[in-house]
2 protein chains.
Amino acid sequence: MSKEETVIPKLIPVFRQYGYEGTSLSMLAKATGLGKASLYHHFPQGKEGMATAVMNYIANSFSQAVLQPLNNSDKPDKKIHQMCRGLKEFYNDGKNNCFLAIMSFGEAQSLFGELVKQQLQLWLDTLEKVLIEAGIEPEQAELRSQAAIMEIQGALILVRILNDTAPFERAIANLPEKLFRVPIA
Amino acid sequence: MSKEETVIPKLIPVFRQYGYEGTSLSMLAKATGLGKASLYHHFPQGKEGMATAVMNYIANSFSQAVLQPLNNSDKPDKKIHQMCRGLKEFYNDGKNNCFLAIMSFGEAQSLFGELVKQQLQLWLDTLEKVLIEAGIEPEQAELRSQAAIMEIQGALILVRILNDTAPFERAIANLPEKLFRVPIA
DNA sequence: TTTTTTGTACCGAACGTTCGGTTGACAAGT
DNA sequence: ACTTGTCAACCGAACGTTCGGTACAAAAAA
């Protein structure tokens, strides 16, 4: 395990709580226990490099916790169920801010916007494929995938503002039904 | 019309795009065409004072565009319909970031978190009352109000990341049905 | 084996820049 | 004349970043 890989997890909560512009090198130095110069030894691109490393690290965690269950060979409803478990873990029951959302505005948007978009699109596409596999028509599958991710993102915001994880837990609990429910008309 | 009230609208887009910590006095000075000292003349509390003024200004706009329709004497479904029109206007068809979401993390959270929470709660309560008036049971009314705001917040994030307003427009279009739909079971 | 070299990790101090905030003087409005 | 609004110039502090150099261990040379 390289040194960077031991440092990155310590960078994560800082960026996650304060955003890209709200995070300073001093905060990162304190969080890692390293001097600012030492951080530059490991991340020659400085703050931007650390944020990039954190994004990749998180993309990996996300892929493992959320996407991988969707790509295995279980039945669709079990895949979704496993994704929900992964989501609860990944977002720490709603207490974690979403990195994609955090990195999608301000200065971070111009730096990481394209990467963020790709990550979100990957999630959307993976989810959509599972719904199609479950027999839902393609246009509906796309709409429902978007609606699901919308709900999760919105839930994370409500949790943050209201300081109450209930909205997130409800959103996760309702996800399978929302994704699979037969249309009314 | 006081000078402050002519200045505040010029501050809004800066805070909205870059967040509290991403916004600098230089940006605000350029956006208003005033020197930093002049800004301090109008807002002795500096950046924090300007952000506060902007929050109050926006709370007012929101109240007028979104909450007021919910408090008039029309029938519930018409109230909701009018709220949706207000939302499209207030969020500029989804192209505007939500201030509450922006001001709910990082340093801004400790400064404005309580105010943000109150604003959101006001919206929730107002919406809930309309649903109850429409005959929906109180617990359901609360859940659906939360779900509605969740969806709007999530939609705004998707719009931002995907650079496509379609998710927001769909979310608004589906709102009335989601709020009023009779339960399946 | 001992010495020398190389390389990695690290840090204290300082860099130039920008930050949020202040001062004092000038101009406009009353 | 007096208040109000404005600005250029400036302040100390913090920013992200870089530099010079130390500590130490592994590799190479003697």
Side-chain angles (χ1 to χ4, degrees), chain A residues 1-57 99 102-103 105-113 115, chain B residues 1-57 99 102-103 105-113 115:
Chain A
M1 189 174 187
S2 81
K3 184 61 187 277
E4 280 78 12
E5 281 168 348
T6 74
V7 171
I8 293 174
K10 301 182 181 177
L11 302 174
I12 293 181
V14 186
F15 278 113
R16 174 133 51 202
Q17 180 168 4
Y18 295 99
Y20 182 70
E21 313 185 74
T23 295
S24 76
L25 275 244
S26 322
M27 299 161 82
L28 295 173
K30 181 172 289 182
T32 54
L34 294 180
K36 293 199 247 174
S38 305
L39 287 177
Y40 266 83
H41 174 73
H42 296 288
F43 304 95
Q45 308 305 319
K47 185 177 171 182
E48 186 179 339
M50 296 186 226
T52 303
V54 163
M55 289 217 42
N56 289 334
Y57 188 99
F99 245 88
I102 290 249
M103 291 302 192
F105 79 100
E107 191 195 345
Q109 185 171 35
S110 50
L111 293 175
F112 308 110
L115 184 57
Chain B
M1 188 174 188
S2 80
K3 183 61 186 274
E4 279 79 11
E5 281 168 346
T6 73
V7 171
I8 294 175
K10 301 181 181 177
L11 302 175
I12 293 181
V14 186
F15 279 113
R16 173 131 53 198
Q17 179 168 6
Y18 296 98
Y20 182 68
E21 313 185 73
T23 295
S24 75
L25 283 212
S26 322
M27 297 163 81
L28 296 172
K30 180 173 287 185
T32 55
L34 296 180
K36 291 197 268 174
S38 304
L39 287 177
Y40 266 84
H41 175 73
H42 295 290
F43 304 96
Q45 308 305 318
K47 184 178 169 180
E48 186 177 342
M50 297 186 227
T52 303
V54 163
M55 288 215 46
N56 289 333
Y57 187 99
F99 245 88
I102 289 249
M103 290 303 190
F105 80 100
E107 191 195 345
Q109 185 171 33
S110 51
L111 293 173
F112 309 110
L115 183 57

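Reckoned from all heavy atoms, side chains included, excluding hydrogens, waters and symmetry mates. First the proteins, then the strands, lettered A, B, ... as listed; each starts at 1.
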Q: Roughly how far, to the nearest 0.5 Å, is NE2 of His42(B) from CG of Leu11(B)?
A: 10.5 Å

Q: What is the distance from CG of Leu39(B) to P of dT22(C), rounded to the nearest Å?
A: 13 Å

Q: Please enumerate all residues that pass side chain to side chain contact (heavy atoms under 4.5 Å, CB included) together with Ala37(B), with sequence neighbours excluded.
A: none

Q: Please tabulate, one pair per line, all N/O donor-acceptor pairs under 3.5 Å involving side-chain atoms of residues 22-29 of chain B, not counting sequence neighbours.
A:
from: Thr23(B); atom 1: OG1; to: Val14(B); atom 2: O; distance (Å): 3.4
from: Thr23(B); atom 1: OG1; to: Gly19(B); atom 2: O; distance (Å): 2.7
from: Ser24(B); atom 1: OG; to: Ser26(B); atom 2: N; distance (Å): 3.4
from: Ser24(B); atom 1: OG; to: Met27(B); atom 2: N; distance (Å): 3.3

Q: Below 4.0 angstrom, which residues in residues 11-27 of chain B have at least one non-hydrogen atom near DNA chain C?
A: Thr23(B), Ser24(B), Leu25(B), Ser26(B)

Q: Enter the distance from Glu107(A):CD to Glu21(B):CD here, rounded to the nearest 0.5 Å.
A: 12.5 Å

Q: Could you go through nucleotides 10-17 of chain C and list every protein N or O atom that sits under 3.5 Å from one of its N or O atoms, giving the distance for each pair?
A:
from: dC10(C); atom 1: OP1; to: Lys3(A); atom 2: NZ; distance (Å): 2.2
from: dC10(C); atom 1: OP2; to: Lys3(A); atom 2: NZ; distance (Å): 3.3
from: dC10(C); atom 1: OP2; to: His42(A); atom 2: NE2; distance (Å): 2.4
from: dC11(C); atom 1: OP2; to: Gly35(A); atom 2: N; distance (Å): 2.8
from: dC11(C); atom 1: OP2; to: Ser38(A); atom 2: OG; distance (Å): 2.9

Q: Among residues 43-52 of chain A, which residues get a heavy atom nearer than 4.0 Å to DNA chain C?
A: none

Q: Hey, could you give me each pair passing ring-ring contact (aromatic ring centres under 6.0 Å, His included) that has a residue in residues 9-34 of chain A? Not counting sequence neighbours.
A: Tyr20(A)-Phe112(A)

Q: Can you list the steps and then say if Leu111(A) with Thr52(A) is a side-chain contact (heavy atoms from CB on, under 4.5 Å)?
A: CA-CA 9 Å; Leu111(A) 293 175; Thr52(A) 303; over 6 Å; no

Q: Closest heavy-atom contact between Ala53(B) and Phe43(B)?
A: CB-CE2, 3.7 Å

Q: What pairs with Ser38(A) under side chain to side chain contact (heavy atoms under 4.5 Å, CB included), at least two apart in sequence or on another chain?
A: Leu34(A)

Q: List for me each residue that meets side chain to side chain contact (heavy atoms under 4.5 Å, CB included) alongside Ile12(B), sequence neighbours excluded, and say none if there are none.
A: Ile8(B), Arg16(B), Val54(B), Tyr57(B), Ile58(B), Phe99(B)

